[in-house]
Amino acid sequence: MDSHNHDSGGKRKRKSGRKPKPPAPDSSDNHHHHHHHPAPSSSPLATAAAAAAAAASSDSPDPEPASSSPAPRQRGRKSRRVRNEPPSEADAAHSPSPPPRRGGPKGAPNGGAEAAEPSRRELAVSMVEVPAAMEPVRWEQVVKVVPSMDAVVKVFCVHTEPNFSLPWQRKRQYSSSSSGFIIGGRRVLTNAHSVEHHTQVKLKKRGSDTKYLATVLAIGTECDIAMLTVEDDEFWKGVTPVEFGSLPALQDAVTVVGYPIGGDTISVTSGVVSRIEILSYVHGSTELLGLQIDAAINSGNSGGPAFNDKGKCVGIAFQSLKHEDAENIGYVIPTPVIKHFIEDYEKSGEYTGFPILGIEWQKMENPDLRKAMGMKSDQKGVRVRRVEPTALESGCLQPSDIILSFDGIDIANDGTVPFRHGERIGFSYLVSQKYTGEKARVKVLRKSKIHEFNIKLATHKRLIPAHIKGRPPSYYIVAGFVFMAVSVPYLRSEYGKDYEYDAPVKLLDKHLHAMAQSPDEQLVVVSQVLVSDINIGYEDIVNIQVLAFNGTPVKNLKHLATMVEECNEAFLKFDLDYDQLVVLETKTAKAATQDILTTHCIPSAMSEDLKS
């Protein structure tokens, strides 16, 4: 019976759609924010005005209409007969309005504006309420809210992922579908993970039967946003681009629109903003501002917009917490991060990333620690533990410096800064709001003296990179030994998604704690040994780091390949981690390489990027 309501918004099923005829006592469902109801007015004018107000939309805090048709009364009457039919797609999609959370009367569920005639008392109540909250909503305002749904598109992508266990080829292609939405300047936004390792991307508009080929303009791995465009002019006809709103407050209503699993048509779920804080972005392995909402975000919702009650986009759905102890936790990329991505692309013609301070820091909450560091009672800040050798900050910041403020904003002892009214947020938010290459003023306490530095901000150089940015993995083969550089995707492919528990301890230690000493440093490992007569006894070497070759420390994979190729000594000696040693005779090892390549159908002994 309730299928009509089920399909529309995430949380509608509490009301069945019919309003009771007798006026109920002041229950929580009936306008619990206004306790003093005036006596019902019997003047016909008042009743007519109230009826019009109730019909147009008595729900002033929530201006979305039940339908885009300008005659809601008619549809309201019909709704009794239509009840048992399955809901049409248009009905499901035309109701982006989440249930109003704060004050104001509840709008009728979609389809039926009023299933039963409202009593005079209810009309009088709505007559008084409209001016109390806001002036009644005019139709021009209401109609504007719905077209934003038409800007939501379905993204079809064919992915061909790199094969880290056989790096000379790719994995079998697979296809996925997700959501995206049209913004100004003939561009479409979606998630980076929706188009990662893409070989083909197609977009389909709502209500259209055509899939249009799309070009990927930029992929922002850290913030999990990608920008696409479509050459075909037909695609852009009759579509109003989505407009961005400001960062919502807690408890603001949000509506997530997209194409999740469970059906082919557009889907709408609604909820409220539950939390605003610095989040861990799973795909980018970074920490940026994020919104937590309680609307359902399922597979396929990725890249779809989250709208506020005015029809403005306040974020992009991108991940949800699947945990046995948690329910209804979905995450949304908020507008400050989206605008940073768009402006970054417009400034430099490509995505350059989110800058960070290349330091590790410690909280200064212990009073004895503060006293030992020479801090006065009114000084607050965080202590620098380590500085990245490759970061520009290494020229001015030192370990045990106390960072007091960033760009004139004081940092507290727990590393937070003020954020809007009554909220605090980690100071990394201030850093991520800047652009690569911009300067920031940092105030530092060093040996009880205050210093100020103008620091040029840059992106992070990790020893084990979080992404290989769509390039095929590098490899080098000699005598059946497959050498590769370690990255997070490599560890994930070797040890599964729980690689942080299953990978070798020494690699994990470097992944979590080691810092690159030079910009081109890589961690080179023996990925596997392709068994042959030449490498008998070395078959069990898997994912062990190569420290040196013939006594020279290995900087990166290209350095190792060059040294081996140019080696004129009698033996090739590889010093591995755990004090293992691999020795091969130079002449026979290089001669055996070609046979091993032929046996395993490998086209080349090294990847293209090492040949140049």
Side-chain angles (χ1 to χ4, degrees), residues 162 164 192-193 221-224 277-288 290 319 321 323 331 353-365 382-394 397-401 403 414-415 426-429 431-432 458-469 473-474 483-527 542-547 553-557 576-580:
F164 288 95
H193 71 256
T221 40
E222 287 91 346
C223 57
D224 202 1
E277 64 180 357
I278 300 287
L279 279 182
S280 177
Y281 280 44
V282 175
H283 177 72
S285 58
T286 45
E287 297 201 328
L288 295 167
Q319 63 191 32
L321 185 64
H323 191 277
Y331 294 109
F354 287 74
I356 63 153
L357 271 182
I359 59 164
E360 287 179 2
W361 54 270
Q362 171 188 354
K363 293 179 179 180
M364 294 290 288
E365 292 175 314
V382 292
R383 175 183 169 266
V384 176
R385 289 190 306 172
R386 296 199 288 172
V387 184
E388 296 260 3
T390 56
L392 298 165
E393 296 84 87
S394 58
L397 295 182
Q398 297 172 5
S400 278
D401 281 353
I403 299 180
D414 62 352
F427 84 95
S428 64
Y429 169 69
V431 188
S432 65
T459 47
H460 192 19
K461 162 74 180 93
R462 282 205 175 101
L463 179 61
I464 296 186
H467 288 274
I468 56 167
K469 304 251 166 80
S474 308
F483 297 100
M484 291 183 72
V486 180
S487 61
V488 172
Y490 174 81
L491 292 175
R492 198 181 283 124
S493 102
E494 290 284 294
Y495 299 101
K497 63 175 190 288
D498 289 332
Y499 68 91
E500 293 197 325
Y501 302 98
D502 301 336
V505 175
K506 286 214 173 184
L507 288 185
L508 279 181
D509 178 55
K510 296 201 166 82
H511 163 51
L512 296 168
H513 304 293
M515 291 178 167
Q517 299 301 313
S518 64
D520 60 351
E521 186 180 354
Q522 284 178 325
L523 208 128
V524 179
V525 293
V526 177
S527 169
V542 174
N543 288 330
I544 295 179
Q545 189 185 349
V546 184
L547 301 175
V554 173
K555 276 193 255 170
N556 52 42
L557 189 57
L576 308 184
D577 216 347
Y578 307 102
D579 299 312
Q580 289 197 62

* Structure fact -> By salt bridge (Lys or Arg N to Asp or Glu O under 4.0 Å), Lys510 pairs with (sequence neighbours left out) Asp577
* Asked: Mind checking what makes salt bridge (Lys or Arg N to Asp or Glu O under 4.0 Å) contact with Arg492, not counting sequence neighbours?
  ->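 For Arg492, no residue satisfies salt bridge (Lys or Arg N to Asp or Glu O under 4.0 Å) once neighbours in sequence are set aside.
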How far does [atom1] of [X] sit from [atom2] of [Y], to the nearest 0.5 angstrom?
X	Y	atom1	atom2	result
Glu500	Leu508	CD	CG	7.0 Å
His460	Thr286	NE2	OG1	10.5 Å
Arg383	Met364	CZ	CE	7.5 Å
Glu494	Ser527	CD	OG	5.0 Å
Leu523	His511	CG	NE2	11.5 Å
Leu288	Ile278	CG	CD1	7.0 Å

* To do: With side-chain contact (heavy atoms from CB on, under 4.5 Å) as the test, would you mind laying out the steps for Tyr281 and Phe354 before giving the verdict?
  => CA-CA 13 Å; Tyr281 280 44; Phe354 287 74; over 6 Å; no
Would you call [X] and [Y] a side-chain contact if the rule is heavy atoms closer than 4.5 Å?
X	Y	value
Trp361	Ile403	no
Tyr490	Asn543	yes
Val554	Gln545	no
Leu463	Glu521	yes
Gln398	Val384	no
Ser487	Pro465	yes
Phe164	Ile468	yes

[atom1] of [X]: more than 12 outside heavy atoms within 6.0 angstrom?
X	atom1	result
Tyr578	OH	yes
Asp579	CG	no
Lys555	NZ	no

* Could you go through the side-chain contact (heavy atoms from CB on, under 4.5 Å) check for Val526 and Phe483 one step at a time? => CA-CA 5 Å; Val526 177; Phe483 297 100; 3.6 Å; yes
Between [X] and [Y], what is the shortest heavy-atom contact and its length?
X	Y	answer
Ala516	Thr390	O-CG2, 3.2 Å
Ile464	Val488	CG2-N, 3.8 Å
Ser394	Pro389	OG-O, 3.5 Å
Ile359	Glu388	N-CG, 4.4 Å
Leu547	Leu576	CD1-O, 3.9 Å

* **Test side-chain contact (heavy atoms from CB on, under 4.5 Å) applied to Tyr331 and Val282, step by step** => CA-CA 11 Å; Tyr331 294 109; Val282 175; over 6 Å; no
* By side-chain hydrogen bond (donor to acceptor under 3.5 Å, both in side chains) - contacts of Glu360 (at least two apart) ->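 If we apply the side-chain hydrogen bond (donor to acceptor under 3.5 Å, both in side chains) test to Glu360, skipping adjacent residues, the hits are Arg385, Arg386.
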* **side-chain contact (heavy atoms from CB on, under 4.5 Å) assessment of His283 paired with His467** => CA-CA 9 Å; His283 177 72; His467 288 274; 3.8 Å; yes
* **Donor-acceptor contact below 3.5 Å, side chain Asp224 vs main chain His193** =>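 Between the backbone of His193 and the side chain of Asp224 there is a qualifying donor-acceptor contact (under 3.5 Å).
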* To do: Mark yes or no for whether Glu393, through its side chain, and Gly358, through its backbone, hold a donor-acceptor pair below 3.5 Å.
  =>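 Pair found, side chain donor or acceptor close to backbone of Gly358.
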